[in-house]
Structures are given as C-alpha cells and as structure tokens.
Peer 1: 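I have a structure here, written as structure tokens, and I will follow up with some questions on it.
Letters go in sequence order (proteins before strands), and every chain restarts at 1.
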There are 4 protein chains.
Amino acid sequence: MSKDKILRAAMEVFSENGYHRASMDEIALRAQVAKGTLYYNFPSKSQLFKTMVKEGFEDIMQRTQADLNTPLPIKEQILRIIRHHLDLFLESRHFSHIVFNELSNGIEQDVLEELKELRREHLRFLASILEESKCENFIHPDVDTNLAAASVIGTLESTCNYYLSHPNEYSRDDLERFVFNIITKGMFISIE
Amino acid sequence: MSKDKILRAAMEVFSENGYHRASMDEIALRAQVAKGTLYYNFPSKSQLFKTMVKEGFEDIMQRTQADLNTPLPIKEQILRIIRHHLDLFLESRHFSHIVFNELSNGIEQDVLEELKELRREHLRFLASILEESKCENFIHPDVDTNLAAASVIGTLESTCNYYLSHPNEYSRDDLERFVFNIITKGMFISIE
Amino acid sequence: MSKDKILRAAMEVFSENGYHRASMDEIALRAQVAKGTLYYNFPSKSQLFKTMVKEGFEDIMQRTQADLNTPLPIKEQILRIIRHHLDLFLESRHFSHIVFNELSNGIEQDVLEELKELRREHLRFLASILEESKCENFIHPDVDTNLAAASVIGTLESTCNYYLSHPNEYSRDDLERFVFNIITKGMFISIE
Amino acid sequence: MSKDKILRAAMEVFSENGYHRASMDEIALRAQVAKGTLYYNFPSKSQLFKTMVKEGFEDIMQRTQADLNTPLPIKEQILRIIRHHLDLFLESRHFSHIVFNELSNGIEQDVLEELKELRREHLRFLASILEESKCENFIHPDVDTNLAAASVIGTLESTCNYYLSHPNEYSRDDLERFVFNIITKGMFISIE
DNA sequence: TATGAATGAGTGTTCATTCAT
DNA sequence: AATGAATGAACACTCATTCAT
C-alpha cells in the first residue's frame, strides 16, 4: 500500500536530512510513487512528519512495555529500558534526534504542539515506570520521577551522540554500563 | 557597530526559528541594517551562524573557567558549573538548544564540522574539570569523564526543557538541586 | 507544450540581452509560464541556454546537409552554404552572435565546454565539406580546411555585423556576392 | 597615479572574465585601491570599460599607423597589419574578443553606442588602408573595402580562436601565413 | 584625492502545494 | 487511487553604486 511505502521512505529521508532539508520530491522518489500521491495520502509535509513520529513513539513505548510485562528484578528492568532506547538512538539515530531535540523550533506551529504532546506522553510513560520503582523504595524519595525521566532521556541522547562521534573509543556495552551506572549511582563517591 | 548589531539580531532570530527557518531578511530587519550589510560582514548564513555559536561557546567556557579559578570545595564547584549552564540553557534557551542539539544534520557540511568541533571542545573542557575531581578521588574510578561530561550536558538540556514546558511545577532551585543530586548520587538507593 | 514555449522565449530573451543580462524572470514572463516551470523543465539557466544553442546548431547543420545531399557543382555548393549561414546570421542575428562569439568567457565553466564542443563540431562539419572540395582539387593544396572553415565563419559573422549596422548601404545580394568572392578568390589581384 | 593602475587592472579583469563577470571589487583589489577610488576616477563600470576600450583601439591603430608610415611593398604592409592584429588577438585575447564581438548586446545602452562607434572607426581606418591599395590596383576593383576590412577582422578573430582552442596543431607562423593567403588569394583555385 | 562601510534592487534557485486528468 | 506538470512565494546571495569621513 502507498501509505506504508511513503512512511518508510519518509523515515529514511527525514532521518538522513532533518526536517527542513528533507524534500517531498526525495520522499516520493524513495517511495517510488508520484509526488501527488504524497498529498493524496497526507495533507502536508508536517502532517506526514507527525504521523511518522507518532508511529515511532508508539513503537518504542509498546516494545518497552511488552518487555516489562513479565516480572523482573528492578535492575533488569532498568537495563532493558536503557537497551531499548539505546537501540532507538543508535539505529534510528537521526530520527530519534529529530524527535527528542528538533521539536523546539523550526517546525510548523500547528504540528509542533502535537509533537510536543507526544514527547510528553513518552516521558510520562517513563516517569510512571520510575514511579513504580520509587513506590517499592528503590529510588531516593526526594527524586522527582518526571525530571528523572527527562534526565534519563537527556543522558541517553547525549552519550549516544558522544559515542557516535567518537567511534572506536567505546563499545556498545561500555555505553550501556556507563548509562546504567550514572543513572543509578551518579558519578560522585560522596561529597557531603 | 554593524557587526555586533547583526550578531545580536542573529542570536535572536536563530533562537526563535532554528537555523533553517531563520532568514537573512529577518536578521537584517531585526538588526536594522540592509541585507547587503549582512554579507558585507559575514560571507554566508552558515558562517554567520558559526560565528555566533563560537562566541556563545567561548563565553560560557570563559565564565565557567573564571568562576573556578579560586579554590573551592568540590561540591561548590559542581554547583557553579550547573548554575552557569542552567543560566545559559534557561536564558538563551533556544540558542543553547541549537548549539547542543541542532548540529547533527541540516547544516552545511563545511560549517557543520567546525561547529561539532566547538562542541567537542566544550565537552573536553567539562571533562577536564571532572578529570581533576576524579584524580582527587571524588569521582567513582570506573566513571569515564568524557561520557560523564556528555551526560551532564544531556541531563541539563533535557531537564531544562521539561522545566520550561511545565511552568509553575518547579522552582529554579528545585531544578538546580535535582540536577546536582542526580549527577552526584544518581537516582537509585542501591540495587545491587 | 511548456518546454517549447520556454525555448522560444529563451531564444528571444537571450538574443536581445546576451546571456548575462537575460533573466529567468523575463524568460518566464515571455513564455507565459511561472518561473518554477522553467526549473521544472530545465535544471538551470546555463542548461537552458545550452539546450537552446544545441538545437540551433543541429538545425543549421541539418539544413545545410540536406541541401548538399543532391549533387551540385562546387560553386553552387559554396553559395548554398553561404546562403544558409547568412540566413542564420541575419535572421537570428543575436542568436548566432551568442553562439559564435559569446562563448569565450562569462558562461559557467561546466556548460561552456559543451558549448565549445558544439561549435567545434559545427566547424568540423564545415571543414569536412571543404575537405571534399580540396580532394577534388578545387581548393589550393596548401589551404588548411580547419582554419578555412573558421575563417569562413569569421568572415560571415563580421560582414553580417557590418551589413546590419550600415543599413541601406548594401543589398543582401551584395553581401552574398562579396562573401563568395572574398572566400573563393581573396581580395588581391596578385602581389607576388 | 590611481587612474592608470585602475585601467591596467580593469584590462586584466575584463579580459579574464568578460564584461559582466568582471566585478568592481576585483578590479579595485587588483589595482590595490579602495573601491571608492574607482568611482572617484570613473563615473561607472561601463564608463571605465569604455575608457579602457578606447585606449586599446587607439593603441592598435596608432601602432599600425606608425608601422605603415615608412614606404613598404604592399605585401609587407598587409603582413604587418596582420601581425599587429594577431598580436592583439593572441596576447590580449579576451580583450579583443570583447571589443570585437561582445559589443552587440549585454552592455549598457548609453556606452554601447560609443563603443560601436569606436569599432566603426577602427574599421574605417583599416578600410582606408585597403582603399589606398585599391587605388594602386592591388585589389580587385569589385571588392568593397569596407566589407573587406570587416572580413579581415572576422577572419583574424575566428582563426585566432581556432588556433587558441587547438593548441599544438599550428604554429603562430602557420596562422600568419594562412591568414595572409586566405585574405589575398582566397581558398579556391578557380571555379569559374 | 581617497576611503570602505553600507546599501538595496536584482538574480538564480528551491520546494511545498495544487489540480486537471 | 494515483499522477506529474505547473505554480509562486520565499530564499540566499551578488554587486554597482553612494556617501560620510
């Protein structure tokens, strides 16, 4: 079906070029449909973008959720969340970049709000997982889980970026372990 | 002087719209100079952008450095770094966003590399501060200071974003304290 | 069809203004299409120019060739070549001017080479006709036919220019006769 | 003096780039004066161009005239005219190209007419030399000396072009001899 | 006499969008 | 459901020219 071909092509092109440098011509070319077909299926570039982002978010949340359905020790749960997000950030690097960072400006106002809401939803999803851990006394009682969720995402994004722009300095496992440690234990020994 | 007026206007316009939606016309208008004057002072849009970013980086590094020159307890040092970067992220919110995130795609290749190098330099700067702390045994010996620097930036960026899009939920002090705690102690009590 | 309308308009506008002063706006206006349509059909100004020139060259060579297919006395052959090129130079005066003269500088390097090759091809075409005459001993054995072809074109261009800028001094027949004589017999009686 | 430096630089830059692609910035740079100085000495780009062309024409005419002042056999006279013009066409190749060919369009109307007049004057100068030869019965009585002068220029220009774009195929002497022969004897043996 | 910062009209080009088919 | 030719507003950039010093 055209719609799917277009969405796949859009994911590629947006990822490779960012929102603005991605052109509808290129997407049509990559999807092997005529340009008109894009507009037959999606009302505008920004709406196509939004649909694509939405599916991405739903996918990561669903996969994470599925993985947490079976009862697991807390440590394992954290590790799996990290792993899923590292997958996303490393494999669909540019997509995740757009999704997590390029949403503050430069995108049409109408769609921007919806995209931000999607991101907030994702953060709420992560926060709710953390909240559960907090209830079970795994997390410091003074830690705000909303900010913590944001901080997890920020740490993942930023370290992935570093990892990707310094190839050969670390292994993927190093990265995973680092993020796990920094999130759980912080970096300092004790400074009080 | 025109050059300064232009840089100030550029900062505004790039911040409000992101690199691509910022137009040279708008910058000229905002700087109250003719369009040609932009090109008299800067050879291209991307070079203007680069100059602006460069000055921003130099400023934050210089101010941070100045503040760390006097001997301070480690806790205070960390707090000050956080404060300076919170200042940057909250006051020049969009600028910092561009600087720390929008550099992955969509900007002319030639300038992109220089910008990334600026960012790397900034991370090295932070990493060197952390490395010092590590030498004095304040930081866990297995923590990589490069990744840690990246993670600090990611945490700051992401939590600032959250803070800014959820007004009235937290105070600035909450934010500062949260970031300090999460960086130093992590979020978990003990899960081993 | 748009493509043809554009080529016709381009011919007009390039002829009247020369390559550089011809603007894509003017061409679009003259062709009664939107500016975008120019770029839908031709990738750039220089490529549009090249296409136009190419068609012109092909036309003159084809028409000349067609006329020489039937066996004719050498004198008649020469006259017909002259006539065809006078037609071109007098009727599409500016076009031929561009084609034969404006190709030395000021045109984008990439297209310039192709245009020069077209001109060389046309000269080879004329030279091959002359070469045949030479083989039949109509032409002085020491005359280089390549240079001779170039010289024929130069003479035609230059005398046409003179003719056009001195209206009423000569008839078209005068011109034709003059060129024929000067090419075949030269201007001097005998000076050795 | 500035004026001379500018004229020399203008000659270089116009020759290398053609009228339109030559920029006042480049000329100022090459002349090592500030841009304002160009406008202090010449009212506009086109006037600067005109002045330069005028000097060029005067120079070639003067040098040719000087050479013909002493009594010489007709053959030698012709050879010298050819030589002087070959010098001009081969050494200041682009300048002469502009002067002899690029004057039909693309240059500001106001100056264009004056430039054409300069060219006509030069042709009259050559024609007058030929006319003299004609009076002495060296030239066919039915040859119009005005057209002949134009034809000489056209032949020179065109063969020089060919010569320059086919390096190593001919020597300068070949060229000189060819032009002399074609002008004096034409290319055909006898076709009546 | 000379400067050079500033100008702004003009240029080629891009691209999301439309619509007749 | 799908097409692709056509659009036109918007864009980065150029450059001859001006003018206060």
Peer 1: Is there a side-chain contact between D/Leu115 and D/Phe49, using heavy atoms and a 4.5 Å cut-off?
Peer 2: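 Yes, close enough: below the 4.5 Å cut-off.
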
Peer 1: In whole Å, I'd like the distance from the NZ atom of D/Lys3 to the P atom of E/dT1.
Peer 2: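 From D/Lys3 NZ to E/dT1 P: 9 Å.
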
Peer 1: Whole angstroms only, please: what is the CD-P distance between D/Glu26 and F/dT14?
Peer 2: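 My rounded result for the distance is 14 Å.
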
Peer 1: Give a yes or no on whether C/Gln32 atom CD has more than 12 heavy-atom contacts from other residues, nucleotides or ligands under 6.0 Å away.
Peer 2: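 At most 12 heavy atoms, drawn from other residues, nucleotides or ligands, come within 6.0 Å of this atom.
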
Peer 1: CG/A/Leu112 to NZ/A/Lys50 distance, rounded to the nearest 0.5 angstrom?
Peer 2: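 If I round to the nearest 0.5 Å, the distance is 12.0 Å.
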
Peer 1: Let me know the distance between CE of A/Met1 and C1' of F/dA2, rounded to the nearest Å.
Peer 2: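 In whole Å, F/dA2 C1' and A/Met1 CE are 12 Å from each other.
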
Peer 1: What class does the angle between the rings of C/Tyr19 and C/Phe14 fall in, given that below 30° is parallel, 30 to 60° is tilted and above 60° is perpendicular?
Peer 2: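 Plane angle under 30°, so parallel.
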
Peer 1: Can you say whether the rings of C/His20 and D/His20 are parallel (under 30°), tilted (30 to 60°) or perpendicular (over 60°)?
Peer 2: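 Parallel, since the angle between the ring planes stays under 30°.
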
Peer 1: Whole angstrom is fine here: how far is it from CZ in D/Phe42 over to P in F/dA16?
Peer 2: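 Interatomic distance, CZ of D/Phe42 to P of F/dA16: 15 Å.
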
Peer 1: Reading 5' to 3' and counting Watson-Crick or G-U wobble pairs with both distances under 3.5 Å, write the dot-bracket notation for DNA chain F, | for bases paired outside the strand.
Peer 2: .||||||||||||||||||||

Peer 1: From CD of B/Gln32 over to P of E/dG8, roughly how many Å is that when rounded to an integer?
Peer 2: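 Rounded to the whole Å, the gap is 13 Å.
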
Peer 1: Can you tell me how far C1' of E/dT1 sits from CG of D/Asp4, to the nearest Å?
Peer 2: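 Distance, rounded to whole Å: 15 Å.
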
Peer 1: Check the distance between F/dC13's C1' and B/Asn41's CG and give it to me in whole angstrom.
Peer 2: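 Distance, rounded to whole Å: 15 Å.
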
Peer 1: Tell me whether D/Lys3 forms a cation-pi arrangement with D/Tyr40, defined as NZ or CZ under 6.0 Å from the six-membered ring centre and within 45 degrees of its axis.
Peer 2: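 Judged by the rule (NZ or CZ under 6.0 Å from the ring centre, within 45° of its axis), D/Lys3 is not positioned above D/Tyr40.
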
Peer 1: A quick test of your reading: do over 12 heavy atoms of other residues, nucleotides or ligands sit less than 6.0 Å from NZ of B/Lys54?
Peer 2: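 It does not: B/Lys54 NZ has 12 such atoms or fewer within range.
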
Peer 1: Please report, rounded to the nearest Å, how far the C1' atom of F/dC13 is from the CG atom of B/Leu48.
Peer 2: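 Taking atom C1' of F/dC13 as the reference, CG of B/Leu48 is at 13 Å.
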
Peer 1: Decide if atom CD of A/Glu114 counts as having more than 12 heavy atoms of other residues, nucleotides or ligands within a radius under 6.0 Å.
Peer 2: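 Buried by this count: over 12 neighbours within 6.0 Å.
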
Peer 1: What one-letter contact string describes nucleotides 13-21 of chain E from 5' to 3', where B marks a base within less than 4.0 Å of any protein heavy atom, S marks contact via sugar-phosphate atoms alone, and - marks no contact?
Peer 2: BB-BBB---

Peer 1: Return whichever of A/Ala34 or C/Val33 has its heavy-atom-nearest nucleotide of DNA chain F closer to the 5' end.
Peer 2: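 Between the two, 5'-proximity favours A/Ala34.
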
Peer 1: So does C/Thr37 get a backbone contact from the side chain of C/Asn41, meaning a donor-acceptor N/O pair under 3.5 Å?
Peer 2: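 The answer is yes, because a donor-acceptor pair under 3.5 Å joins these two groups.
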
